[in-house]
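Structure provided below as structure tokens; questions to follow.
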Amino acid sequence: MARIKNNVQKILSELPAHVDLVAACKSRSAEDISEAIDAGVKIVGENYVQEAEEKFSAIGSLVKWHFIGRLQKNKVKKAVRIFDMIETVDSVEIAAAIDKACAEIGKVMPVLIEINSGLEKNKSGILPVDLGNLIKDLLGFKNIKIAGLMTMGPLLKSPEDYRHYFRETKKLFDKIKSAIDIKYLSMGMSDSYRVAIQEGANLIRLGTAIFGPHQ
Ligand SMILES: *Cc1c(COP(=O)(O)O)cnc(C)c1O
């Protein structure tokens, strides 16, 4: 019963002070999430706006809410009310929709630009070659603040295999940071977060390591 609590406390005790934990909560119950929050989770990550809406009405602003899924344009209006950060911006179209919806409610949304670090076809995230142009476009939006980068990397077998993709994303992060004030580098999931932290992540997104395997 105290499994989630133990997991969270162990993870938090091992994290360097500069690294923030996002609990990836897709399909987890409000009860399980509450247990994680009681144990010290301060940021909740959600992949689906509708699911987040239900949980938000139960949990509210006890925690920060990060959107970590693929955002559909028709969900943006709801999303900007719930979320404190959108980690997955990868096109000027979705950025424009976020900017417009935020302008309507007088909010400035911190966003991370999602990088397709594996250079994979049909994968979310922007290719590194297109990053400069996207940043230029985003800087024109008053109701968006570029707060950093996020990457998933390809689906790989061993944690060590992720290192290359995390390292490449960190290089992009450093390059941008020399020009604009960004703070967050979101990389690493349950199987890869230790490698991600070694490679410079300061935001990690853990689901399985906190809640156990999906049923
Ligand atoms: C589900 C999810 C995670 C967490 O994955 P685990 O392997 O369960 O830790 C992290 N990031 C994103 C974007 C996810 O969708």
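Ligands are counted one by one from 1 in listed order, and the atoms in each one are counted from 1 as well.
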Handout entry: Residues E14, R194: salt bridge by 4.0 Å N-O rule
Key = yes
Exercise for the section: State whether E35 and R3 are salt-bridged, where the test is any N-O pair (Lys NZ or Arg NE/NH1/NH2 against Asp/Glu carboxylate O) under 4.0 Å. Expected result: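 A salt bridge is absent here (no side-chain N lies under 4.0 Å from a carboxylate O).
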Exercise for the section: Would you check ligand 1 and list the protein residues that come within less than 4.0 Å of it by any heavy atom, ordered by chain and number? Expected result: A24, K26, N47, I68, M152, M189, S190, R205, L206, G207, T208
Handout entry: side-chain hydrogen bond (donor to acceptor under 3.5 Å, both in side chains): pairs with one or both residues in residues 141-157, sequence neighbours excluded
Key = S117-T151
Exercise for the section: Could you list all the salt bridge (Lys or Arg N to Asp or Glu O under 4.0 Å) pairs where at least one residue sits in residues 196-215, not counting sequence neighbours? Expected result: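 Salt bridge (Lys or Arg N to Asp or Glu O under 4.0 Å) check on residues 196-215 returns R163-E199, R167-E199.
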Sequence neighbours left out, cut at 3.5 Å: what donor-acceptor pairs do the side chains of residues 60-75 make with other protein atoms?
| from | atom 1 | to | atom 2 | distance (Å) |
| --- | --- | --- | --- | --- |
| W65 | NE1 | G60 | O | 2.9 |
| H66 | ND1 | E87 | OE2 | 2.7 |

Handout entry: K123 (side chain) donor-acceptor with G153 (main chain) under 3.5 angstrom
Key =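 Judged by distance alone, yes, a pair lies under 3.5 Å.
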